[in-house]
Each structure stands twice: as C-alpha cells, then as structure tokens.
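Beneath this line is the structure, given in structure tokens, with notes to follow.
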Amino acid sequence: MASSTSLPPNLHIRPATGSDIPSLTSSFYTSFGLAPFMAYLFPRSPYFDKWWNEVFLLGLQNPTDRTFVVTDSNAGDKVVAFSRWMVPQADGSLERKWPAVGGEAWGDMEVAGAFFGGMGGNHEKIMAKRPHWFLELLGTDKSYQRQGIAGALIKWGTDQADREGLETYLDASEEGREYYIRHHGFELKGEIPIPSRPDSYGEFRCVSVSRQPRKQGQNGAVH
C-alpha cells in the first residue's frame with residue numbers, strides 16, 4: 001500500500017472503498033473544478049456527479065486498477081486526495097473502463113473527443129504493447145496542495161516500477177508537466193491538441209510523459 005510516512009501526521013493514505021465514491025467525486029471537483037478547462041468540460045451538475053461516481057466505481061471493480069485516497073484525521077477523515085493506477089498487464093493491454101461520453105449534458109463533443117481520444121491515442125502510440133505502470137487519475141484538494149500528498153501517491157507506483165524495471169506513464173496538463181519532470185524523472189513524449197475556446201477557457205494544453213525505471217545500486221538505494 002502507498003505509504004503515509006512522508007506526510008504530516010494527520011494525513012493518511014489507504015485503499016479506496018465503495019463508500020468513498022461520493023467523496024472521490026467531491027475531491028475531483030475541489031481539486032480541479034475551478035480550473036477553467038475542467039469546469040468547461042465537466043460542469044458541476046447532478047449528471048456529472050453521477051458520471052464521476054461511475055468513473056470511480058468502475059475503477060474499484062476493475063481488477064487491473066488500484067485506487068487510493070488520502071484522508072485528514074483533523075477534519076473527520078475527509079477525503080482530500082486520490083489516485084488511480086493501472087498495474088502492468090503482461091499482454092500490454094491498455095483497455096480502460098469509463099462511462100459513456102456523449103449526450104446533451106456534454107456541451108462540446110469536439111473538445112471532449114479531443115481530450116479523451118487524444119489521451120487514448122497517445123497512450124497506445126507511445127507505450128505500444130510494453131507492460132508499464134499507468135497513473136490514470138491524481139488529484140489533491142486545492143487547500144491541501146504543497147504538503148507532499150501528490151508525491152507520496154506517485155511514489156507508490158514509481159517505486160514498484162523501479163523494482164520491476166518497468167516504465168511509468170501518465171497524461172498531465174501543461175501546468176503540471178514541470179512537476180513530473182523535475183521531481184519524478186518523467187520525460188515529455190507527446191502533446192494532446194485541444195481546440196481553443198476563446199469565450200471560455202481560452203487555451204488548454206495537455207501532454208503525455210513517461211519515466212524510465214531507476215536501477216537499484218548494490219546498497220539497495222534507488223538512484
């Protein structure tokens with residue numbers, strides 16, 4: 001399991017359960033809901049609350065996935081962050097389970113198609129059939145950022161990738177790209193073109209990054 005040892009004593013990492021699903025959806029919005037692009041693509045509504053609930057339920061039901069939450073014991077064990085990893089598949093399968101995208105609630109299918117299709121297309125093109133660790137979802141409530149939470153959730157997967165000699169892959173906003181590169185050793189592998197919308201979010205850039213495994217030295221330290 002992901003370790004809480006590097007976090008403040010009130011923050012705890014544990015595997016997510018079905019009872020966490022509404023909190024996971026709320027955490028998505030407190031992590032990303034104020035970002036103009038995410039607010040445009042996933043406007044807070046009963047429909048998208050239900051859609052995100054299904055996203056997290058499918059992840060908990062999927063044997064290839066590992067979902068974690070971070071809770072704050074000083075705030076009644078409130079869920080303040082989350083992650084979802086896809087473990088390596090021996091056959092290199094990239095099959096994911098997400099709810100349907102489309103219908104009246106989706107106001108701009110050109111943008112939605114570019115976002116979801118671009119991520120899926122890059123993943124297949126960049127990683128091909130090579131087994132790897134895939135960080136599919138990661139979010140931290142705005143008021144809990146810069147406390148090492150994201151780093152701890154990322155390290156759970158990259159540590160295992162290092163032990164297994166496997167790559168790690170994820171998609172990130174342009175804003176988050178430098179964090180993954182500088183702090184976790186990822187490298188830029190591709191961009192995901194997203195149509196601009198001058199009257200709403202303006203421009204949004206999304207990138208795909210991957211990380212080579214770090215070898216262990218004779219003293220057992222990762223370098």
Side-chain angles (χ1 to χ4, degrees), residues 16 20-60 62 65 67-69 79-86 94-127 134-145 149-150 153-154 169-180 186 188-209:
D20 293 316
I21 288 174
S23 296
L24 282 161
T25 293
S26 294
S27 188
F28 169 80
Y29 280 101
T30 53
S31 300
F32 301 109
L34 296 179
F37 177 79
M38 291 299 182
Y40 179 83
L41 188 59
F42 307 110
R44 192 78 192 259
S45 69
Y47 171 86
F48 278 108
D49 276 6
K50 182 180 179 181
W51 191 85
W52 277 105
N53 285 349
E54 189 174 352
V55 168
F56 290 113
L57 175 62
L58 289 171
L60 292 174
N62 193 346
D65 292 359
T67 303
F68 294 99
V69 294
V79 172
V80 300
F82 61 89
S83 64
R84 183 161 85 192
W85 285 91
M86 178 184 181
L94 301 178
E95 182 180 358
R96 308 305 302 130
K97 294 184 178 181
W98 281 71
V101 175
E104 292 184 3
W106 294 84
D108 192 330
M109 282 305 298
E110 181 186 11
V111 170
F115 182 67
F116 287 105
M119 288 191 295
N122 269 14
H123 196 179
E124 183 176 352
K125 178 176 67 176
I126 293 167
M127 300 309 297
F134 173 37
L135 181 55
E136 186 172 37
L137 295 171
L138 177 69
T140 304
D141 291 15
K142 290 291 185 183
S143 60
Y144 284 84
Q145 293 179 3
I149 295 174
L153 292 169
I154 294 167
Y169 180 89
L170 60 88
D171 298 302
S173 67
E174 177 70 13
E175 186 178 56
R177 175 179 73 168
E178 288 305 310
Y179 170 76
Y180 294 107
F186 285 82
L188 178 65
K189 292 297 181 180
E191 296 190 359
I192 300 169
I194 305 292
S196 61
R197 292 293 184 264
D199 295 333
S200 54
Y201 61 83
E203 301 284 341
F204 180 76
R205 296 186 67 191
C206 193
V207 298
S208 302
V209 297

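All residue numbers refer to positions in the sequence shown, counting from 1.
The CZ atom of Arg84 sits 10.5 Å away from the CG atom of Leu135 when rounded to the nearest 0.5 Å. In this structure, CD in Glu178 is found 9.0 Å from CG in Leu188, a value given to the nearest 0.5 Å. The OH atom of Tyr47 sits 6.0 Å away from the CH2 atom of Trp106 when rounded to the nearest 0.5 Å.
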Inset, instruction - Apply ring pair (Phe, Tyr, Trp, His ring centres under 6.0 Å) to the pair Phe56 and Phe28, showing each step before the final yes or no. - result: CA-CA 10 Å; Phe56 290 113; Phe28 169 80; 7.5 Å; no
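Across Ile21, Leu60, Asp20, a single residue satisfies side-chain contact (heavy atoms from CB on, under 4.5 Å) together with Thr67, and that is Leu60.
When every heavy atom of Ala150 is checked against every heavy atom of Leu138, the shortest pair comes out as CB-CD2, 4.2 Å. In terms of heavy-atom proximity, Val101 sits nearest to Ala112 at CG1-CB, 4.1 Å.
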N/O donor to acceptor pairs below 3.5 angstrom from side-chain atoms of residues 30-43, sequence neighbours left out:
residue, atom, partner, partner atom, Å
Thr30, OG1, Ser26, O, 3.2
Thr30, OG1, Ser27, O, 3.1
Thr30, OG1, Asp141, OD1, 2.8
Thr30, OG1, Asp141, OD2, 3.3
Ser31, OG, Ser27, O, 2.7
Ser31, OG, Thr140, N, 3.1
Ser31, OG, Thr140, O, 3.1
Ser31, OG, Asp141, N, 3.3
Tyr40, OH, Asp108, OD2, 2.5

Donor-acceptor contacts under 3.5 Å from residues 113-126 side chains, at least two apart:
residue, atom, partner, partner atom, Å
Asn122, ND2, Glu191, O, 3.3
Asn122, ND2, Ser208, OG, 3.0
His123, NE2, His132, NE2, 2.8

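Annotation for Gln145: atom CD counts as buried by contact number, over 12 foreign heavy atoms lying within 6.0 Å.
Ring-plane geometry between Phe204 and Tyr201 is classed as perpendicular, the angle between the planes exceeding 60 degrees on a 0 to 90 degree scale with a lower cut at 30.
Evaluation of the side-chain contact (heavy atoms from CB on, under 4.5 Å) rule for Asn62 yields Thr64, Asp65, Arg96, Lys97 as partners, not counting sequence neighbours. Here Glu203 pairs with Ser196 under the side-chain contact (heavy atoms from CB on, under 4.5 Å) rule; sequence neighbours left out. Residues passing the side-chain hydrogen bond (donor to acceptor under 3.5 Å, both in side chains) test with Thr25 are Asn53, sequence neighbours excluded.
Side-chain atoms of Trp85 come within 3.5 Å of backbone N or O of Leu153 as a donor-acceptor pair. Counting only distance, with no hydrogens or angles, the side chain of Trp51 and the backbone of Ala100 share a donor-acceptor pair below 3.5 Å.
Identified under the salt bridge (Lys or Arg N to Asp or Glu O under 4.0 Å) test for residues 35-47, with sequence neighbours left out: Arg44-Asp49.
Put simply, the side chain of Tyr179 reaches to within 4.5 Å of the side chain of Ile154, judged on heavy atoms. Side-chain contact check for Glu174 versus Val207: some heavy-atom pair is nearer than 4.5 Å.
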